[in-house]
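Beneath this line is the structure, given in structure tokens, with notes to follow.
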2 protein chains.
Amino acid sequence: MDVRTLCLGALMGGEATGYEIRKMFEDGPFSHFQIASLGSIYPALTKLTQDGLVTFVEHEQENRPDKKIYRLTSDGRQKFIRTLLQNRPAEDRYRSDILFTLTFAEELPIELTEALIDEFAVRYETMNNLIDPNNPDKEDCASGPGRDDDGNIKPGCKFVAGLGQAMCDATVKFIKDNKQDLIKDLKAFKSKKS
Amino acid sequence: MDVRTLCLGALMGGEATGYEIRKMFEDGPFSHFQIASLGSIYPALTKLTQDGLVTFVEHEQENRPDKKIYRLTSDGRQKFIRTLLQNRPAEDRYRSDILFTLTFAEELPIELTEALIDEFAVRYETMNNLIDPNNPDKEDCASGPGRDDDGNIKPGCKFVAGLGQAMCDATVKFIKDNKQDLIKDLKAFKSKKS
DNA sequence: GTGTCATATATCGAACTGATATAGTCAATA
DNA sequence: TATTGACTATATCAGTTCGATATATGACAC
């Protein structure tokens with residue numbers, strides 16, 4: 001999905017600045033399953049404005065660029081919904097430097113392998129906490145785009161959050177159950193090669 | 001991780017053509033946790049050759065470009081291992097058009113939501129089968145880069161495959177357990193909005 | 001006082017992707 | 001028998017994306 005469509009989606013929850021849209025993708029509600037960087041968000045907002053899909057209001061600020069608050073136009077909202085309805089979603093895409101590195105575990109010091117696996121587990125436990133809709137520390141709280149007017153998480157977001165947590169739980173559990181066997185097998189593998 | 005490093009990794013398992021390296025990333029052993037496209041693989045191989053990290057042998061072919069079989073140099077192998085040892089691995093990056101779309105489920109026909117969830121489940125069941133090291137249909141068989149000289153899967157690859165399968169199992173199980181509740185909640189949500 | 005983070009706008013060089021080009025062989029289907 | 005799609009090979013390119021950078025303050029921790 002291109003960044004213009006992602007920005008339209010980000011504005012479905014209400015008005016936002018470019019900076020706030022970036023935060024939705026880098027730290028907030030979309031950060032676990034989509035990616036959009038400042039380098040493409042600002043050009044996308046400019047293009048969407050030119051195409052009449054969003055508008056913005058500017059607020060003067062002292063000592064800072066004027067704040068631009070973007071919102072969807074009627075056309076923009078319709079375009080977004082039409083895009084979701086009509087386009088077959090692309091395959092998921094996943095990149096993991098740690099998993100790639102672990103496929104070469106036999107060539108690496110066992111200490112590094114252990115450290116990588118521990119780092120991987122920590123990242124997924126952290127993600128689990130960040131996804132938890134009942135976590136008071138999370139960015140996406142009562143007024144986030146995934147909530148309805150009463151502050152309740154919307155069904156779609158709840159489902160996606162639950163799925164994310166199930167994946168994180170499975171990851172952490174697998175590591176807990178299998179890490180020692182891997183270390184053992186690596187030691188056996190290396191003594192066989194000597 | 002940049003594509004030159006990924007290509008070095010691909011050649012750790014032995015010599016390969018550019019086309020075979022593409023297949024490792026698009027259909028084969030690395031396809032579930034790294035991405036490298038033809039558009040960057042060939043330029044990367046050219047650069048690595050210029051840098052003395054790989055060499056190639058050319059075999060003439062009729063009616064086709066000459067086949068270039070690449071292999072790591074000693075420098076290339078050392079560079080790859082050094083890169084794994086010294087660089088802190090980047091955060092995992094995950095993109096899912098289906099999960100992004102599902103966060104807007106309240107705006108979509110329930111039939112589409114069901115179709116997307118079913119498609120998601122099918123993709124992950126398929127992935128589970130492709131990852132399975134004991135699956136005879138999978139591309140990466142007895143002579144793939146994840147195997148030792150006896151055809152046994154290497155411990156690192158076994159661990160990564162197991163982790164991938166755990167994630168797939170959790171995904172499919174979560175969908176089986178939670179899909180109907182989501183559908184029910186969406187129907188309630190929509191009748192509340194009417 | 002210094003360093004980091006947050007809040008704001010935006011640009012740009014480098015990297016990457018998907019499509020395209022070329023051109024056959026092979027298997028499945030109508 | 002003809003057509004279509006997949007596979008095997010090399011490579012390039014236009015468009016997209018990202019991370020770093022620029023600018024400049026305020027708030028907070030050390």
Side-chain angles (χ1 to χ4, degrees), chain A residues 1-7 10 15-28 30-31 34-51 54 56-70 87-88 90-95 97 137 139, chain B residues 1-8 10 15-28 30-31 34-51 54 56-70 87-95 97 137 139:
Chain A
M1 217 174 263
D2 66 320
V3 174
R4 284 189 298 283
T5 304
L6 297 180
C7 287
E15 62 191 20
T17 64
Y19 183 85
E20 284 167 338
I21 292 172
R22 167 198 163 261
K23 282 183 69 66
M24 288 180 204
F25 286 99
E26 294 195 8
D27 303 322
F30 305 124
S31 58
Q34 276 295 357
I35 304 170
S37 159
L38 271 186
S40 47
I41 287 172
Y42 281 110
L45 290 171
T46 302
K47 184 72 164 72
L48 292 168
T49 304
Q50 287 165 352
D51 293 346
V54 306
F56 65 86
V57 173
E58 249 176 308
H59 291 271
E60 252 184 75
Q61 294 196 120
E62 284 194 45
N63 302 322
R64 274 184 191 174
D66 294 346
K67 188 181 220 176
K68 277 171 167 169
I69 303 179
Y70 293 89
N87 291 20
R88 186 173 200 273
E91 293 285 333
D92 287 8
R93 297 162 74 89
Y94 178 58
R95 291 179 135 100
D97 284 357
D137 293 330
E139 299 294 322
Chain B
M1 214 175 264
D2 65 321
V3 175
R4 284 189 297 281
T5 304
L6 297 180
C7 288
L8 291 180
E15 61 192 23
T17 64
Y19 183 85
E20 285 166 338
I21 292 172
R22 166 195 165 263
K23 283 181 71 67
M24 290 179 203
F25 286 98
E26 292 193 9
D27 305 320
F30 304 122
S31 58
Q34 276 297 356
I35 304 169
S37 160
L38 269 187
S40 47
I41 287 171
Y42 281 111
L45 290 171
T46 302
K47 186 69 166 70
L48 290 169
T49 304
Q50 287 165 352
D51 293 345
V54 307
F56 65 85
V57 174
E58 248 176 308
H59 292 273
E60 251 184 75
Q61 294 196 118
E62 283 193 43
N63 303 321
R64 275 182 190 174
D66 294 347
K67 189 179 220 179
K68 276 172 168 168
I69 302 178
Y70 293 88
N87 290 20
R88 185 172 200 275
E91 292 285 332
D92 288 9
R93 299 163 72 90
Y94 177 60
R95 295 179 134 97
D97 285 357
D137 292 329
E139 298 294 321

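All chains are named by letter (A, B, ...) in the order of the sequence lines, taking the proteins before the strands, and each is independently numbered beginning at 1. Heavy-atom basis, side chains included; hydrogens, waters and symmetry copies ignored. Please read all numbers here as calculations on a predicted model, not as lab measurements.
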Worksheet item: So, is A/K68 near the phosphate of C/dT9, with a side-chain N or O under 4.0 Å from OP1 or OP2?
Response: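 It does not, given that no N or O in the side chain of A/K68 lies less than 4.0 Å from OP1 or OP2 of C/dT9.
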Is the shortest side-chain N/O distance from A/K23 to OP1 or OP2 of C/dT7 below 4.0 Å?
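Checking C/dT7 against A/K23, a side-chain N or O does come within under 4.0 Å of OP1 or OP2.
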Mark yes when over 12 heavy atoms from residues, nucleotides or ligands other than B/E60 sit less than 6.0 Å from its CD; otherwise mark no.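 At most 12 heavy atoms, drawn from other residues, nucleotides or ligands, come within 6.0 Å of this atom.
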Practice task
Decide yes or no on side-chain contact (heavy atoms from CB on, under 4.5 Å) for A/E58 and A/K67, but give the supporting numbers first.
Solution key: CA-CA 5 Å; A/E58 249 176 308; A/K67 188 181 220 176; over 6 Å; no
message: Considering every strand and a 4.0 Å limit on heavy-atom distances, what is the contact class for A/T46: base, sugar-phosphate, or nothing?
response: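 Counting heavy atoms under 4.0 Å across all strands, no contact is made by A/T46.
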Within this structure, what is the [atom1]-to-[atom2] distance between [X] and [N], rounded to whole angstrom?
| X | N | atom1 | atom2 | answer |
| --- | --- | --- | --- | --- |
| A/L45 | C/dT9 | CG | C1' | 11 Å |
| B/D2 | C/dA15 | CG | P | 8 Å |
| A/R22 | C/dA6 | CZ | C1' | 9 Å |
| A/Y19 | C/dA8 | OH | P | 7 Å |
| B/E62 | C/dA23 | CD | C1' | 13 Å |
| B/Q61 | C/dT22 | CD | C1' | 14 Å |
| B/D66 | C/dT22 | CG | P | 18 Å |
| A/F56 | C/dT9 | CZ | P | 10 Å |

State whether the side chain of [X] and the backbone N or O of [Y] hold a donor-acceptor pair below 3.5 Å, judged by distance alone.
| X | Y | result |
| --- | --- | --- |
| B/T46 | B/Y42 | yes |
| A/D97 | B/M1 | yes |
| B/T49 | B/L45 | yes |

Quiz prompt | Positional range of nucleotides in DNA chain D within the contact set of chain A, heavy-atom, under 4.0 Å | solution =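 Listed 5' to 3', the contact boundaries are D/dT17 to D/dT25.
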To the nearest 10 degrees, the angle between the two end axes of the helix from C/dG1-D/dC30 to C/dA30-D/dT1 (five pairs per end) comes to 50°
To the nearest 0.5 Å, tell me how far A/R4 CZ sits from A/S40 OG.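 A/R4 atom CZ to A/S40 atom OG measures 10.0 Å (nearest 0.5 Å).
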How far apart are the C-alpha atoms of B/Y70 and B/T17, what are their side-chain angles, what is the distance that settles it, and do they pass the side-chain contact (heavy atoms from CB on, under 4.5 Å) test? CA-CA 6 Å; B/Y70 293 88; B/T17 64; 5.6 Å; no
Closest heavy-atom pair, A/R95 versus B/I35, reported as atoms and distance to 0.1 Å, is NH2-O, 3.3 Å
Taking every heavy atom of B/M24 against every heavy atom of B/A10, the minimum-distance pair comes out as SD-CB, 3.7 Å
Output a table of nitrogen or oxygen pairs between the protein and nucleotides 17-20 of chain C separated by less than 3.5 Å.
residue : atom : partner : partner atom : Å
C/dT17  : OP1  : A/R95   : NH2          : 3.0
C/dT17  : OP2  : B/S37   : N            : 3.1
C/dT17  : OP2  : B/S40   : OG           : 2.7
C/dG18  : OP1  : A/R93   : NH1          : 3.0
C/dG18  : N7   : B/S37   : OG           : 3.3

Verdict with supporting geometry, B/H59 and B/I69, side-chain contact (heavy atoms from CB on, under 4.5 Å): CA-CA 8 Å; B/H59 292 273; B/I69 302 178; 3.4 Å; yes
With side-chain contact (heavy atoms from CB on, under 4.5 Å) as the criterion, how do A/L6 and A/F25 come out once you've worked through the C-alpha distance, each side chain's angles and the decisive distance to 0.1 Å?
CA-CA 9 Å; A/L6 297 180; A/F25 286 99; 3.6 Å; yes
